[in-house]
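None of these values were measured; they are calculated from a predicted model. Residue numbers start at 1 and run along the sequence shown.
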Amino acid sequence: MKSIILGVFASLLSAATAWVVSYSSNDYISPLWLLLGQYIVGIILSPPKQKPVAPFTLHGIRLAAGIWAFAGYYIALATPGASAADASMLLNTAPIFATFYAVKQNRARLSAILAFVGVALTIISEHKGGLHFAIWQFLALTSALAYAASFIILGLLADRGEKPKTTSSVYNLLSVLVIIILIAIYRPSLPIHWWPVIVVGGIAALRIQVLTIAVTSPEASAKVSILTNLAFVWLAIAEVIQGTHYTLLQWVSMALVILGVGISPGSNAAQKDKIRNRTRRSQRTDGQH
């Protein structure tokens, strides 16, 4: 029960982040400032303590994927006419697509297919039967693909013996350096209001702490990961309360994504560990022949 409550709370924090970025779009804030605040908080929570042991190339790929996963998402949310719920739903299909790549199981493939159909229906519903991308949908989808790539690279880093804390600290430190360089090059205007930058960084920090407390076992991690991936549900509820009208097609598309997330075996940490161990044993056996 504790993990479920904390998982729901973490999903609310994810929804709050999307809402803050979307709400502050009236006073445009460069995503670079939001990213800088987010990664500075990350360094505070997980300061570098050890040298990385995995190839730096993997860390570099993860850096590029991770930065665009959030930058593309923030830009999509700030685009006029964008739906925070739909953008969040697009982003949170990433773990399912990563699972489709990494886990060769019918259940994984089915979950990814359901999520993909849900995403396609979302795009169709926005264009009255067409498959034309709005710019914010395209950005959200590319950020989801980058997010999925980040998940895959995390698995490769773990296989190379990199500790999660080291991976996190290297990522946050390099991200801050990259963002500072980009700010120096592009010189984005200072935010009219700094509260969104502070709030996004604070929420990111709180969410990390909540997830750390919640994930006490493989079973708990499964529940928590499923719940955090459903942040778009809260955003949809908020939009309905604010007067947004959802069509039947939009509700069906969200239901398919929820179902895809719910049955995804990638949310089960124990299953992933078993698969990783079998792969390692197979590699050692092949090396002996």
Side-chain angles (χ1 to χ4, degrees), residues 14-39 61-98 101 112 115-128 130-153 171 175 178-179 182-183 185-186 188-189 191 196-197 199-201 203-204 228-236 238-239 244 250 253-254 257 260-261:
S14 297
T17 301
W19 183 85
V20 168
V21 176
S22 180
Y23 179 81
S24 62
S25 62
N26 294 328
D27 298 322
Y28 178 74
I29 299 175
S30 171
L32 292 175
W33 296 116
L34 296 171
L35 291 170
L36 183 63
Q38 174 178 311
Y39 293 130
I61 296 173
R62 199 254 168 149
L63 172 69
I67 288 179
W68 182 249
F70 286 103
Y73 180 51
Y74 290 157
I75 296 172
L77 288 171
T79 302
S83 165
D86 287 351
S88 177
M89 181 176 67
L90 285 167
L91 181 69
N92 285 299
T93 55
I96 303 174
F97 295 126
Y101 170 84
F116 178 80
V117 172
V119 169
L121 289 178
T122 298
I123 296 171
I124 291 173
S125 67
E126 292 289 332
H127 297 280
K128 299 180 179 179
L131 279 173
H132 304 291
F133 278 103
I135 184 63
W136 67 267
Q137 289 174 322
F138 177 77
L139 288 170
L141 187 59
T142 59
S143 66
L145 294 174
Y147 198 19
S150 180
F151 274 98
I152 294 170
I153 296 300
Y171 170 67
S175 295
V178 169
I179 298 303
L182 291 176
I183 288 175
I185 293 173
Y186 292 104
S189 58
V197 177
V199 170
V200 167
I203 291 176
T228 55
N229 285 337
L230 299 179
F232 63 88
V233 175
W234 308 116
L235 291 165
E239 289 184 354
T244 300
Q250 286 175 307
S253 67
M254 280 195 287
V257 174
V261 172

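- For Tyr28, there are no ring pair (Phe, Tyr, Trp, His ring centres under 6.0 Å) partners, not counting sequence neighbours.
- In this structure Trp68 satisfies the ring pair (Phe, Tyr, Trp, His ring centres under 6.0 Å) test with no other residue, sequence neighbours excluded.
- For Thr79, the side chain to side chain donor-acceptor pair (under 3.5 Å) test picks out no residue, with sequence neighbours left out.
- Note that the CG atom of Asp86 and the CH2 atom of Trp136 stand 4.5 Å from one another [nearest 0.5 Å].
- Of all non-hydrogen atoms in Ala231 and Ser14, the two that sit nearest each other are CB-CB, 3.6 Å.
- Shown here are the ring pair (Phe, Tyr, Trp, His ring centres under 6.0 Å) partners of Tyr39, two or more places apart in sequence or in another chain: Tyr171.
- A heavy-atom distance below 4.5 Å is found between the side chains of Ser175 and Leu63.
- For the pair Val197 and Gly37, the tightest heavy-atom approach, listed with the atom from each and the gap, is CG1-CA, 4.2 Å.
- Taking OH of Tyr147 as the reference point, atom CG of Leu91 lies at 6.0 Å (rounded to 0.5 Å).
- Every residue two or more places apart in sequence or in another chain that forms a side-chain contact (heavy atoms from CB on, under 4.5 Å) with Ser22 is listed here: Ala84.
- Ala85 meets the side-chain contact (heavy atoms from CB on, under 4.5 Å) test with Ser83, Leu235, Ala236, Glu239, Tyr246; sequence neighbours excluded.
- Here the CD1 atom belonging to Ile75 is positioned 9.0 Å from the CD1 atom belonging to Ile135, to the nearest 0.5 angstrom.
- By the 30° and 60° cut-offs, the orientation of the rings of Trp19 relative to Tyr23 is parallel.
- Residue Ile29 comes nearest to Pro196 through the heavy atom pair CD1-CG, 3.4 Å, listed as atom of the first residue, atom of the second, then distance.
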